[in-house]
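Okay, so here's the structure we're looking at.
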Amino acid sequence: HTYHDALTYKTGLLLWLDGAEPKGKNATLADADIETWIDFSGNGMHAYASSNKPSLDTTNTMNGKPCVRFDSTNSEYMSITDDGTLEPSEITIFVVVRREGLSEWGTIISKPYYSNGGWIDPYNSYKIHDSGTDRKPRSEIVSSGTNATLIKPSLVADDITYIQTLKFSGTEQKLRTYINSSEFASYIDTAGSSLDYNGSDGYAKVGIGTRSPHSNGEYYRGHIAEILIYNAPLNDTNRQAVERYLGLKWGISGYSDTYTYTDNTDYQNEDLVVDDKSYDSVEVATNVSLENANTIYVGKEADSTVTLT
């Protein structure tokens, strides 16, 4: 199976910001300030910029695709007016980014705990950002009033495109983080089984490129290619399927466009399903041995066959 520019796993998808098409499907692209970043999840969680707008970069692309550039020196950021949609009890967040130089405490995405502008503990309900002057990727959440933070032992070099994944499981009471599908640190136990949000002062806006749209600061310097938020801790199969989609789309090394499937199950009169999709045809390598046949039937239809090569 060859992977294409298509996200196949969408169950529980709350937010989908695609830097290749920030203005919407088939919209005219040009180097210009981005006032609105369209949400493709269907939930209407569009991101908006006010005075300091990021730009659509069609010159310094990622894998030939445009992306959204944030300049911390200009305090550029965007915000999402949340109605509670982006406040799940459990969560998986994927971001694809490429940092430019020093971005001290540069924030990619954040959900501040307070919407009244107060910047005090516990700060953010969830957040993906750089850690201080060492710029190590960092993920953090708040559960039962206690902050849980994971920091990558070493930094990712500037001008390198990478995927960072934050996953919080309330059932396990664990926070996990991955860089390009590899867990970069041991999980950390959390204080509770649900993310904390401050409902007393209303729903806090989600910040893109800043620690908080309500108090600002900690701006990001670099390109943000894609952001996805799910309302559950994705299992390894589904998490890796999303990361594979992102890796292939944005040209990140280590992701193959070929799926190797090994299974001894008899699929007679049944569908073969891989990564939540059913396929009509499968290509089999020459080292496959077939007994008393030169065709394998896959799926319920007679013309759904495997082609021997």
Side-chain angles (χ1 to χ4, degrees), residues 5 7 13-41 43-82 86 93-103 105-111 126-130 135 137 156 158-166 205-213 216-229 242-243 245-252:
D5 265 8
L7 178 64
L13 184 60
L14 301 180
L15 176 70
W16 183 5
L17 301 179
D18 184 353
E21 296 181 294
K23 300 179 180 181
K25 294 290 186 182
N26 302 316
T28 301
L29 298 180
D31 284 308
D33 292 343
I34 299 295
E35 296 185 5
T36 304
W37 194 346
I38 299 298
D39 168 32
F40 285 119
S41 74
N43 294 314
M45 296 287 100
H46 311 306
Y48 298 95
S50 54
S51 57
N52 302 323
K53 304 176 181 64
S55 59
L56 178 64
D57 195 340
T58 59
T59 302
N60 300 305
T61 60
M62 290 186 188
N63 201 32
K65 296 176 176 61
C67 47
V68 181
R69 181 180 182 270
F70 290 76
D71 189 344
S72 59
T73 62
N74 295 330
S75 304
E76 297 173 356
Y77 73 95
M78 305 189 80
S79 63
I80 301 172
T81 301
D82 189 17
L86 300 180
I93 306 175
F94 302 88
V95 299
V96 180
V97 294
R98 183 176 65 200
R99 184 183 54 242
E100 293 179 18
L102 180 61
S103 180
W105 296 108
T107 303
I108 300 162
I109 184 169
S110 67
K111 173 71 170 179
Y126 52 78
K127 184 180 183 184
I128 295 180
H129 63 120
D130 289 342
R135 295 172 288 167
V156 176
D158 296 339
D159 300 316
I160 297 295
T161 303
Y162 65 92
I163 306 166
Q164 184 167 340
T165 306
L166 177 159
K205 295 180 180 179
V206 170
I208 308 296
T210 181
R211 71 183 184 185
S212 168
N216 299 325
E218 298 182 5
Y219 302 105
Y220 190 73
R221 182 177 175 84
H223 295 79
I224 299 179
E226 198 151 351
I227 298 176
L228 298 154
I229 296 182
V242 176
E243 290 164 339
Y245 149 76
L246 293 170
L248 292 171
K249 177 176 179 178
W250 297 105
I252 300 171

query: How far apart are the closest heavy atoms of L86 and Y126, and which atoms are they?
result: O-OH, 2.8 Å
message: Please report the interatomic distance CD1(I252) to CD1(I163), rounded to the nearest 0.5 Å.
response: 4.0 Å
message: Closer than 3.5 angstrom, by distance alone: can the side chain of T210 be matched with the main-chain N or O of G217 as a donor-acceptor pair?
response: yes
- request: Could you pull out all residues at least two apart from T73 that satisfy side-chain hydrogen bond (donor to acceptor under 3.5 Å, both in side chains)?
  value: D71
- prompt: Taking the side chain from R98 and the backbone from Y162, do they hold a donor-acceptor pair closer than 3.5 Å?
  reply: no
- request: Report the relative orientation of the aromatic rings in F40 and W16; use parallel for angles under 30°, tilted for 30 to 60°, perpendicular for over 60°.
  value: perpendicular
- request: Please determine, by modelled atom types, if E243 and T165 share a side-chain donor-acceptor pair under 3.5 angstrom.
  value: yes
message: Among V97, I109, V95, L17, which residue satisfies the side-chain contact (heavy atoms from CB on, under 4.5 Å) criterion with I224?
response: V97
query: Between H46 and M78, is any pair of side-chain heavy atoms under 4.5 Å apart?
result: no
field: NZ/NE/NH1/NH2 to OD/OE distance under 4.0 Å, D130 and R99
entry: yes
message: Under a 4.0 Å threshold between the charged nitrogen and the carboxylate oxygen, would E21 count as salt-bridged to K65?
response: no
query: Just checking, any donor-acceptor pair under 3.5 angstrom between side chains of H223 and N60?
result: no
task: Mind checking the CZ-CG spacing from F94 to L13? Nearest 0.5 Å is all I need.
output: 10.0 Å
Residues E226 and Y245: side-chain donor-acceptor under 3.5 angstrom: yes
- request: Quick one: closest heavy-atom pair of R211 and N216, and the distance?
  value: NE-O, 2.6 Å
- request: Would you sort out whether D82 and M45 count as a side chain to side chain contact (heavy atoms under 4.5 Å, CB included), showing the intermediate values?
  value: CA-CA 7 Å; D82 189 17; M45 296 287 100; 3.9 Å; yes
- prompt: Short question: side chain of N63, backbone of K249 - any donor-acceptor pair under 3.5 Å?
  reply: yes
message: Let's go through K53 and I34 carefully: what are the C-alpha distance in whole Å and the side-chain angles of both, what is the deciding distance for side chain to side chain contact (heavy atoms under 4.5 Å, CB included) to 0.1 Å, and is it a yes or a no?
response: CA-CA 6 Å; K53 304 176 181 64; I34 299 295; 5.8 Å; no
- request: Output the distance between atom CD1 (I108) and atom CD1 (I128), rounded to the nearest 0.5 Å.
  value: 6.5 Å
- request: Determine the minimum heavy-atom distance between A49 and Y77, stating which atoms define it.
  value: CB-O, 3.8 Å
query: Would you find a donor on one side and an acceptor on the other, under 3.5 Å apart, between the side chain of T107 and the backbone of H129?
result: no
query: Between I208 and F70, does a side chain to side chain contact (heavy atoms under 4.5 Å, CB included) hold up when you go through it step by step?
result: CA-CA 9 Å; I208 308 296; F70 290 76; 3.7 Å; yes
Smallest separation among heavy atoms of M62 and C67, with atom names: CG-SG, 4.0 Å
message: How close do L14 and D39 get, counting heavy atoms only, and between which atoms?
response: O-OD2, 4.0 Å
query: Please walk me through it: do L228 and L246 pass side chain to side chain contact (heavy atoms under 4.5 Å, CB included)?
result: CA-CA 10 Å; L228 298 154; L246 293 170; 4.0 Å; yes
- request: Please check if the side chain of S41 supplies one atom and the backbone of N43 the other of a donor-acceptor pair under 3.5 Å.
  value: yes
message: So, taking the atom named OG in S72 and the one named CZ in R221, what distance separates them when rounded to the nearest 0.5 Å?
response: 5.5 Å
query: Is E76 paired with R69 through a side-chain N to carboxylate O contact shorter than 4.0 Å?
result: no
query: How far does OG1 of T36 sit from NZ of K23, to the nearest 0.5 angstrom?
result: 10.0 Å
